[in-house]
Amino acid sequence: MTTRFQDTLTGDVRPLEPRETGHVRIYSCGPTVYGPAHIGNFRSFLFADLLVRYLRYRGLRVTWVMNLTDIDDKIIRGAAAEGITTGALADRYAERFLADADSLGMTRPDVLPRATDHIPQIADLVATLVEKGHAYRTDDGSYFFRIASWSAYGQLARLDPDAMRVGERVEADEYGKDDVRDFALWKGPKPGEPSWDTRIGPGRPGWHIECSAMSMAHLGPSFDIHTGGVDLVFPHHEDEIAQSEAATGLPFVGTWMHCAHLRMGGEKMAKRTGNIARVADLIASGVSPRALRCALISVHYRAPLNYTDESLPAAAAAVERLDALLAALAAYSEDRPDDAGLPAVLDAMRDGFESALDDDLNVSAALGAVFEGVRELNRRLDARTMSTGDAARAAASLRALDAVFGFTAPADDELAPDLALMLEARATARATKQWAESDRLRDELAAAGIAVEDTRDGQRWRKVAPSG
RNA sequence: GGCGACGUGGCGAAGUGGCCUAACGCGGGGGUCUGCAAAACCCUUAUUCAUCGGUUCGACUCCGAUCGUCGCCUCCA
């Protein structure tokens with residue numbers, strides 16, 4: 001069984017064949033750091049995270065690059081409104097982005113390049129495009145890509161350039177472009193705007209060019225996978241292909257993968273419509289980050305995901321089911337021969353998980369396989385057919401798969417000393433049948449976020465996320 | 001106007017020619033276990049896959065039409 005992904009450009013579902021055997025190079029369009037990202041943005045970042053985690057699970061080496069766009073119109077506007085530099089504003093929201101990403105358990109990309117750190121590379125790319133006749137300079141010092149020079153333009157988005165609604169939807173000519181559909185590579189200097197002096201003159205980078213320059217700088221002229229939200233297909237990624245391939249003469253990306261929108265109230269979550277929710281706000285209101293992560297990644301990446309009030313409680317319950325099993329396996333102790341049926345259960349779980357994710361990252365089916373395994377393990381726990389060693393092996397298997405989802409808490413969670421004392425006191429109370437006292441301690445621990453459950457193996461406890 | 005995606009139980013969602021009287025998660029109902037709980041397990045909750053036609057021995061799955069929802073064509077994850 002090979003790992004297959006659907007490519008937006010061709011529509012084909014093809015086996016992943018990295019250019020370098022065993023090493024996958026991935027570029028993900030990251031946030032523009034002009035404000036806090038919302039959970040719709042994070043759906044797309046977490047989809048890339050899932051992809052990276054799975055490929056690593058599969059034993060592949062992955063180099064993952066995610067850019068931070070730290071210069072654009074919105075950043076300039078925001079900085080001006082606050083009377084600070086664009087760099088200061090960008091730094092603030094870059095930090096905020098990383099904090100949100102961390103709280104969601106997102107894998108840190110190997111490289112998080114910033115546009116303003118790649119000005120020379122961007123200028124070089126523009127210069128090359130001019131040399132090759134694909135770009136031109138206008139009177140104000142801006143540079144544009146000449147769409148007419150690139151016959152494949154529109155292929156990714158399946159758009160006919162001649163049918164584009166020029167004048168109505170396409171921005172009217174403001175810089176003296178040759179063709180109103182040509183897009184900016186470089187914006188000439190303007191009063192009050194940051195500007196960099198380069199070999200192509202002063203100014204600042206356009207949006208699309210930075211991703212071409214940074215992906216080439218960190219992954220080479222051709223790499224394996226490029227991810228982003230569907231809303232980036234056009235014009236952003238279309239433009240990236242045109243300018244990159246026109247400059248290098250090489251195929252830019254092996255597989256384009258695009259994540260469908262997160263919806264709220266039936267429509268795309270977007271700042272401009274105001275139907276947004278933010279990671280830090282949700283967590284501050286008591287939502288479990290792991291439940292939020294689960295809610296954002298457990299639907300196939302190419303399917304729209306509607307976020308509602310019920311999303312979080314349902315996801316939280318699913319995550320807790322996993323937590324509860326892991327806690328039960330850790331507490332389980334039975335001196336008996338190994339359960340002969342267990343290996344088949346664990347194999348079936350793993351096989352179902354892998355074949356589902358191999359199939360274009362079918363996360364729902366993968367979760368189905370895992371939860372079938374969960375039920376089977378719970379049965380064996382109830383029936384006490386497993387040995388202590390079986391329980392440890394089962395837990396290890398489950399954690400290996402969960403490393404891809406990133407839902408469960410770390411195994412070595414320690415209990416605070418005062419809570420540990422309460423737990424001990426409760427065990428003593430129960431031993432002497434002081435029910436009132438033991439119930440009081442259970443309530444108190446629950447209030448501290450610790451669920452205590454009594455079993456044949458004695459008390460077992462686990463941390464429970466606040467409801468949300 | 002052009003292009004594209006989608007419509008499966010109370011909710012989310014997998015399946016995509018026969019094993020589907022339809023996985024899995026959440027929720028509901030009943031039961032077992034428990035000092036009481038919780039967790040867990042068992043039973044139960046769609047003879048049906050937007051609607052209508054067609055192809056086929058056979059369709060949720062293929063084709064067509066209709067209705068509905070969403071997205072892109074402008075900044076956007």
Side-chain angles (χ1 to χ4, degrees), chain A residues 8 11 28-32 34 37-48 72-74 154 157-166 168-172 207 227-236 238 258-263 266-273 294-295 298-300 302-325 327-328 331 352 356 359 362-375 377-383 430 433-436 438-439 442-443 446 451-456 460 462 464:
Chain A
T8 307
S28 297
C29 278
T32 299
Y34 70 102
H38 55 69
I39 60 173
N41 300 317
F42 274 102
R43 180 191 186 194
S44 139
F45 305 144
L46 289 176
F47 140 65
D72 89 320
D73 293 352
K74 286 185 212 128
R158 290 172 177 75
L159 225 53
D160 177 2
D162 294 330
M164 280 166 63
R165 304 185 123 197
V166 177
E168 188 181 339
R169 306 274 287 192
V170 173
E171 202 177 312
W207 173 36
T227 76
V230 272
D231 46 9
L232 296 185
V233 171
F234 192 90
H236 186 54
E238 191 72 59
H258 290 99
C259 178
H261 285 138
L262 181 70
R263 293 184 194 164
E267 55 179 10
K268 169 184 171 180
M269 180 172 287
K271 201 176 177 188
R272 67 174 298 172
T273 43
C294 177
S298 51
V299 170
H300 185 94
R302 278 190 287 104
L305 197 178
N306 200 23
Y307 179 84
T308 70
D309 290 342
E310 283 165 43
S311 306
L312 257 8
V319 167
E320 267 188 52
R321 183 163 160 79
L322 252 21
D323 280 351
L325 172 57
D359 182 16
N362 187 341
V363 69
S364 301
L367 279 166
V370 168
F371 278 104
E372 277 177 26
V374 166
R375 190 184 344 100
L377 290 174
N378 274 321
R379 275 189 195 132
R380 278 157 204 271
L381 231 31
D382 263 22
R430 288 199 78 235
K433 297 190 192 296
Q434 294 172 262
W435 306 130
S438 83
D439 288 353
R442 184 169 62 197
D443 289 345
V452 185
E453 290 152 5
D454 299 312
T455 75
R456 265 172 66 175
R460 71 173 180 235
R462 63 194 159 88
V464 174

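Treat the numbers as computed from the prediction; the structure is a model and nothing was measured. Below, read A as the first sequence line, B as the second, and so on, with proteins coming before strands; counting in each chain starts at 1. What's counted below: heavy atoms across the whole structure, side chains too, no hydrogens, waters or symmetry copies.
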Just to verify, what does A/Asp73 make a side-chain hydrogen bond (donor to acceptor under 3.5 Å, both in side chains) with, not counting sequence neighbours?
A/Arg204
Please enumerate all residues that pass side chain to side chain contact (heavy atoms under 4.5 Å, CB included) together with A/Arg263, with sequence neighbours excluded.
A/Pro304, A/Asn306
Work out how far the P atom of B/G4 is from that of B/G64, and round it to whole angstrom.
13 Å
Excluding sequence neighbours, so at least two apart, what forms side-chain hydrogen bond (donor to acceptor under 3.5 Å, both in side chains) with A/Arg462?
A/Glu453
Rounding to an integer number of Å, can you tell me how far A/Asp72 CG sits from B/U74 C1'?
14 Å
Closer than 3.5 angstrom, by distance alone: can the side chain of A/Arg460 be matched with the main-chain N or O of A/Ala324 as a donor-acceptor pair?
no
Distance between C1' atoms of B/U51 and B/A59 (Å, rounded):
16 Å
Between A/Asp439 and A/Arg442, is there a salt bridge with N-O shorter than 4.0 Å?
yes
Which whole number of Å gives the distance between the P atom of B/C70 and that of B/G28?
30 Å
Between A/Asn362 and A/Ala365 (side chain of the first, backbone of the second, donor and acceptor by atom type, cut-off under 3.5 Å), is there such a pair?
yes
Whole angstrom is fine here: how far is it from CG in A/Asp162 over to C1' in B/C73?
14 Å
Starting at the 5' end of RNA chain B, what dot-bracket string do you get if Watson-Crick and G-U pairs under 3.5 Å are bracketed, crossing pairs use [ ], other-strand pairs use | and unpaired bases use dots?
(((((((..(((.....[.....)))((((((.......))))))....(((((..]....))))))))))))....
Mind checking the P distance from B/A22 to B/U45? Whole angstroms is fine.
9 Å
Quick one: label A/Lys74 by what it contacts on the DNA or RNA (base, sugar-phosphate, nothing), any heavy atom closer than 4.0 Å.
sugar-phosphate
On RNA chain B, compare the nucleotides closest to A/Phe42 and A/Asp359; which residue's is nearer the 5' end?
A/Asp359
A/His258 NE2 to B/C72 P, straight-line distance once rounded to whole Å:
13 Å
Let me know the distance between CG of A/Leu232 and C1' of B/U74, rounded to the nearest Å.
13 Å
For A/Ser364, give me all partners under side-chain hydrogen bond (donor to acceptor under 3.5 Å, both in side chains), at least two apart in sequence or on another chain.
none
Measure OH/A/Tyr34 against C1'/B/A77 and give the value in whole Å, please.
10 Å
What's touching nucleotides 67-71 of chain B from the protein side, N or O pairs under 3.5 Å?
residue	atom	partner	partner atom	Å
B/C70	O2'	A/Arg263	NE	3.2
B/C70	O2'	A/Arg263	NH2	2.9
B/G71	OP1	A/Lys268	N	3.3

Atom pair distance, as rounded to whole Å: CZ in A/Arg158 and P in B/C3
13 Å
Let me know the distance between CG of A/Leu305 and C1' of B/A77, rounded to the nearest Å.
13 Å
Only pairs under 3.5 Å count here: list side-chain donor-acceptor contacts from residues 366-373 of chain A, not counting sequence neighbours, and write none if there are none.
none

How would you list, by chain and number, every residue that makes a ring-ring contact (aromatic ring centres under 6.0 Å, His included) with A/Phe45, sequence neighbours excluded?
A/Phe42, A/Phe97
Take nucleotides 24-40 of chain B nucleotide by nucleotide from the 5' end and write B, S or -, depending on whether a protein heavy atom sits under 4.0 Å from the base, only from the sugar-phosphate, or from neither.
SSS--------BBBBSB
Set of residues satisfying ring-ring contact (aromatic ring centres under 6.0 Å, His included) with respect to A/His236, sequence neighbours excluded:
A/Trp207, A/His208
Which of the following nucleotides, B/G2, B/U74, B/G15, is nearest to the side chain of A/Pro235?
B/U74
When all nucleic acid strands are considered with a 4.0 Å heavy-atom cut-off, which category describes A/Val233: base, sugar-phosphate, or nothing?
nothing
Quote, to the nearest angstrom, the P distance that separates B/C52 from B/C43.
34 Å
Please name all residues satisfying side-chain hydrogen bond (donor to acceptor under 3.5 Å, both in side chains) with A/His261, sequence neighbours left out, ordered by chain then number.
A/Asp231
With rounding to the closest Å, how many angstrom separate the P atoms on B/G30 and B/G71?
41 Å
Could you work out the separation of B/U69 and B/G54 based on their P atoms and round it to a whole Å?
28 Å
What's the CG-P distance between A/Leu159 and B/C72, to the nearest Å?
13 Å
Taking atom C1' in both B/G68 and B/A50, compute the distance separating them and give it to the nearest angstrom.
8 Å
Sorted by chain and number, sequence neighbours left out, side chain to side chain contact (heavy atoms under 4.5 Å, CB included) with A/Glu310 holds for A/Thr308
Would you check, one step at a time, whether the test side-chain contact (heavy atoms from CB on, under 4.5 Å) holds for A/Leu159 with A/Glu238?
CA-CA 10 Å; A/Leu159 225 53; A/Glu238 191 72 59; 5.6 Å; no
Which is true for A/Gly228 with a 4.0 Å heavy-atom rule: it touches a base, it touches only sugar-phosphate, or it touches nothing?
sugar-phosphate
